[in-house]
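Because only heavy atoms are used, hydrogens play no part in the values below, and waters and symmetry mates are left out as well, while side chains stay in.
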Amino acid sequence: MYPTIEEVEQADRVQLARWYRFLPSPGWAAANSGDREAFERELAYEKPIMDRIVARFQDMGGFTPAISKMLGWNS
């Protein structure tokens with residue numbers, strides 16, 4: 001489940017890294033539903049959130065080896 005934009009604005013670097021690595025691509029949950037309108041709605045909601053996650057995370061310096069190791073690839 002995607003965070004709200006408010007949660008993104010309050011998140012620390014590690015939380016942003018977790019979302020960056022593990023959230024599905026915007027619209028993914030509805031991509032195979034066959035319901036184009038549902039996909040478009042979900043994409044319109046999730047894309048600005050993911051864009052903000054990426055921007056804030058990059059502004060904070062992005063991944064470090066320590067953050068990457070802490071998160072792993074399964075969460």
Side-chain angles (χ1 to χ4, degrees):
M1 177 175 207
Y2 266 66
T4 65
I5 202 75
E6 293 80 15
E7 290 171 319
V8 172
E9 294 301 332
Q10 295 174 4
D12 64 16
R13 188 175 182 183
V14 173
Q15 181 60 60
L16 293 168
R18 187 172 286 111
W19 287 328
Y20 185 93
R21 181 166 287 173
F22 297 114
L23 280 175
S25 296
W28 180 256
N32 293 319
S33 70
D35 184 345
R36 184 174 177 88
E37 288 179 18
F39 171 74
E40 294 292 336
R41 278 192 310 272
E42 188 166 327
L43 182 64
Y45 174 75
E46 292 176 348
K47 185 177 182 319
I49 294 171
M50 181 56 80
D51 288 347
R52 188 62 185 138
I53 289 169
V54 170
R56 284 203 69 226
F57 186 53
Q58 289 175 345
D59 287 348
M60 290 181 173
F63 276 104
T64 64
I67 291 172
S68 188
K69 186 176 180 178
M70 177 185 4
L71 295 179
W73 289 101
N74 300 317
S75 184

- Query: Under 3.5 Å, is there a donor-acceptor pair between the side chain of R13 and the main chain of F57?
  - Reply: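 Checked: no pair found.
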
Could you tell me whether a side-chain N or O of T64 sits under 3.5 Å from a main-chain N or O of I67, the two making a donor and an acceptor?
->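 Yes; at least one donor-acceptor contact below 3.5 Å.
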
Can you hop from W28 to V54 via hydrophobic side chains spaced under 4.5 Å?
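Different clusters.
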
Is there a path from L23 to F39 through hydrophobic residues (I, L, V, M, F, W, Y) whose side chains come within less than 4.5 Å of each other?
->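 Different clusters.
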
Any heavy-atom pair between the side chains of [Y] and [X] that's under 4.5 Å?
X   : Y   : value
D12 : Q15 : yes
W19 : E7  : yes
Y2  : M50 : yes
R21 : S68 : yes

- Query: Any idea how Y20 and F63 line up, ring-wise: parallel (<30°), tilted (30 to 60°), or perpendicular (>60°)?
  - Reply: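 Perpendicular, since the angle between the ring planes exceeds 60°.
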
| request: For E9, check salt bridge (Lys or Arg N to Asp or Glu O under 4.0 Å) against everything at least two apart and list the hits. | output: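 Salt bridge (Lys or Arg N to Asp or Glu O under 4.0 Å) list for E9, sorted by chain: R52.
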
Distance (rounded to the nearest 0.5 Å) between [X] [atom1] and [Y] [atom2]:
X   : Y   : atom1 : atom2 : value
D35 : R41 : CG    : CZ    : 6.0 Å
D59 : R56 : CG    : CZ    : 8.5 Å
Y45 : T4  : OH    : OG1   : 6.5 Å

To check you understand the geometry: which heavy-atom pair defines the closest contact between [X] and [Y], and what is its length?
X   : Y   : value
P3  : I49 : O-CD1, 3.2 Å
A29 : E42 : CB-OE2, 3.1 Å
P26 : L43 : O-CD1, 3.5 Å

